[in-house]
Amino acid sequence: MSTRIEASMALPIALASVVLAVAALALPCAVRAAERAVTVSAIGEVKTRPTNVEIAILASGSAELSSDALVKYRTSVRRTLDAFSKLKIENLRIDQGDLTVGGPIRNNNNGEYIVQTVAEPGGEAAVHTPVNISRRLRLRLSGIQTLKEDQLIDTIVRLVDIAKDSGNTIVGDGSQAMVTFSADQADALRDKASQAAFAQARARAAKYAELAGARLGDVLSVEEIATEMSETSVVWSNPYGMQMPGGYYSTSASGKLVSSSLGEIPMRVTLRVRFAMNPASPDEKK
Amino acid sequence: MGLLLYRIRPSSAKKRNMVLLIRDRTGRWLAICAAAVALAFACQIACAVRAQVVDIFDVNVEASAGKDGEDAKRPFRLAAQSTENTEALADFNRHMKRGTWERAFKSLEKVQGSKPDALVPRADGFYIPSRTYLRQLLAALPQDGKDAYRLFYDPEAKKLLEEAKGKNELASLTKLVNEYFITTVGDVAADRLGDLEFERGDVEQAAERWQSILQYRPESVLKRAQLLVKSAIALARAGRWDEVRRAARELRERHAGETAIVGGRKVNALSYVSGLSPADPSAKISSGSNSASGSAAEMSLPASSEPLWQFKILSQANAQALASMGNDWGWGRIPAADAVPPTAVDEDRVYANFLGFLFALDVKTGKLLWRNAKFHDIVQQLRNNQLLLPEQYGLCLVGDRLYTVGRESGKVSQQGAPFLLNCHEKSTGKQIWSSQKISSLKPWRMWGAPTASGDRVYITAIKNQQQRDLHLLAISAADGKLLWATPCGTYQVDESQLYNQRSSQPTLAIDGDRLFVDTHVGAVVLLDAKTGATRWGLNYEAEAPNTQYWYNSPRPLLTVGGPLVENDVLYVKGMRSTRLVAVQLAGPTLLFKRPVGGPAMLIGVDSDRLYLGGDEIEAVDLKTQKLLWATKVPIATPWTRAIMTKNRLFQFTPRGIFEIDKASGDVVARHRGGDLDSLGGVLLHSKQTLVTVSNLSITAYALQGSGAAAGGGQGSGAEKKAASTDTSTGATPAGATPTGAAGP
């Protein structure tokens, strides 16, 4: 029995030995290949003017009696929408967010107003806890690049006034800012910034290769590195609703650039690219 | 017992006998128990009907103990009766249910002999004086109870009626009515007593006598139509028009065509009473300065944002220093930084009480007419006092007098300095009297806004060393002497020690001889404005102030308004309560209690709607108690007071004056005005001028169509320029600024 087992194991052991031997021979080659590569980082930046102004308002009704909360909520939304429609501003669109029904609205100390959706503990306090019905209304004034700055400021001030007079809370759209400026087609801008970063990386790598007396080869790897852009509070909202490093938030809205100030919004892409370095031909060496 | 008997284990020869004895005894015991149970069951059934009749008066010791437990948690406890009386009433209840009337009435004698004003908790939550309670209790007895009562007490009552002649008439009748009202002669005695009191001018008391016959002696032989006419005349004299109309309604529905004798003439009862009511009875409620305004004449907001004049109470620097003062102490913003001074306006002047500094401004020009002291260094003075209690300053304008509440001038910085009531000539500011100098008022610390009616000033107060016991004082307007003081109840928390939030400032309302006190901490009391006798009290849900304070912990928005009376219904919304309470005054009975927002405050009430202010302006349907509409308005200070007109509501917010349609709740106009740095506050309406009072300024605007010199508003270049304070003559008052600089 044991003889049969030994016989059956002989073939795999032999194969494994061959593989190990090949691997051992290949290792020095790989080290040599790694030595003939160059890694560079490059930042590509593209700037654009914002195309939209955005203001987020929380229209809500809160009361101990749910029927009261509903009356308050409905009148709040109706009056808010009426007030903005009376302005008759072209390109002003109001998107209604999802309806939330829950407990009291609280500031989460991070500039955000959240509805407490978890029920209070039981007892009398729970009975008297107000019901809050709320909906986020997003005002979006588009095409602002065509307006003069004075015109734009006038319009923004009117919107803010209406929002404040409505008695609703201006909640910011995920940031501390009351008004945010955004640019459309951020995906295209990102592509441009990526292209610029890559071109820059290639150029730089070519120089290093030349200095090394080699010729720039194929791209071995590309790595995108998160870029901090704190000086302008720019937020990259990707289309996947992913949280970006650096404390910025993102939404599920398709890619847009958001800034809290009116000015050019930079889009930066940082890449780390690894190129192979091939031996230079004799002509090149000369 | 049975179990104990079975545990006996005799071991001797007597065992058998013992067992037999035990069995025998056990059988007897079981029989006794069964009989007792059957008897109790029978009694239960026999008393069931009676118990239903007197359910509202059901008092038992256990329930009382429970209520006492609840009372201990209440932020304010009404001045209730002694435990002895509660027990006596419980005894009465027990005996009454058994039908042992002699014992039942014996136990009531204890209550009759006690203080007549001590309040007794009724099963429906009202606290009423023991005397009234007893009357209602006896009137609600079943017929056999009434018969028994008459059997015991008719002789005494008839004797008193015979003695009611000449000098003794009033005293004998009063005793008879108070103690033996349900005897066979009680109704006749009450009728005669009403006549006597009416002749003496005590119309409220007279009306109550006649109404008590109507209410509690339905079997009386006295003609109801006659009693209704009599009580309607008395109520008309007292100015209680809602009740006059109710009497007319009852005559129309039940006694149409019946006659009554008035002044020796036979008249048609309905026609006579209908003729008593004025065509358009004006609002009768007079309130302290910190309560909501009643209905004012219709007005349109000023066409121009440019004020007629503006008086800066605090300079920008002082306002900032005051706002940051609390931060220096680690408290956050202190209440004094948000406070709007109590103010009043007449056709000539605006009067203000800024932390005890009194001043009057010309309503047309804003010129400072008089002041009792300079206050340019006010913020420096305030730094030394963390217990500022700005809410306890008050002002009330009646006739040519100004009644103010505040600390002694120069003592604003003195922690614990008492609040005084002072009377001033409104034209000069000259002090006529001060509670500080009147011996009967010296022990009192004023605690609330004053109100005045006729020759009296009413104010709530606490005593030195007894700062939790609230009293209502009636003071002679002529000389400041104390007429009477009635205890209202006791605070759970010593509110004079609240520094981080607004303390409760009781507010008053007068309707004829009825004086309502809302403590704003869960209790409202009705007193007789003439005698100070408590008619009833009612607890409502409210929170006690939180004395645990964390650095920069958020303060609740505590607004103060009301109480209000309309159509013989009292409306109350306490500052620490989330309940709107309506009480039908006839009874009294609780009409409804509904949840409202904590920051809501009473603005006003009309025939079918009630309006609430605060962070949301709301209308509530009085019939269905449904919320009809709610309009959010910006709010930055709880010291706000709206104006209600026939069709509109006006509220002064940090973003200007909002004009709201009473029917729909829609904001029909906004007037930004010239005080946009402020937190908003109080609106005052004087003939052709609208005055706003904020934490920073007093600002006047010419109302549309007033013809006053309105300023050149934005885009209204053709309009006249602002008639600012008289700078050309160098008469600009301290603190006043030319209006041109104040616009948005």
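The analysis underlying the following values was restricted to heavy atoms, covering all of them including side chains, and did not include hydrogens, waters or symmetry mates. Numbers restart at 1 for each chain; the letters A, B, ... are given by sequence-line order, proteins then strands.
- Residue contact with chain A, scored on non-hydrogen atoms closer than 4.5 Å, is absent for B/Ile635.
- Contact annotation for residues 156-166 of chain A against chain B (heavy-atom separation below 4.5 Å, listed by residue number): A/Asp161, A/Lys164, A/Asp165, A/Ser166.
- Summarising the local packing, CD of B/Glu543 is surrounded by 12 or fewer heavy atoms from other residues, nucleotides or ligands at distances under 6.0 Å.
- Heavy atoms closer than 4.5 Å to chain A are found in both the backbone and the side chain of B/Asp666.
- Interface with chain B: from residues 67-85 of chain A, residues A/Asp68, A/Val71, A/Lys72, A/Thr75, A/Ser76, A/Arg78, A/Arg79 qualify, criterion being any non-hydrogen pair under 4.5 Å.
- For B/Thr631, the parts lying under 4.5 angstrom from a heavy atom of chain A are both the backbone and the side chain.
- Among the candidates B/Gly598, B/Pro634, B/Gly656, the residue making the largest number of heavy-atom pairs closer than 4.5 Å to chain A is B/Pro634.
- Ranked by heavy-atom pairs shorter than 4.5 Å toward chain A, the options B/Lys626, B/Glu618, B/Arg594 are led by B/Arg594.
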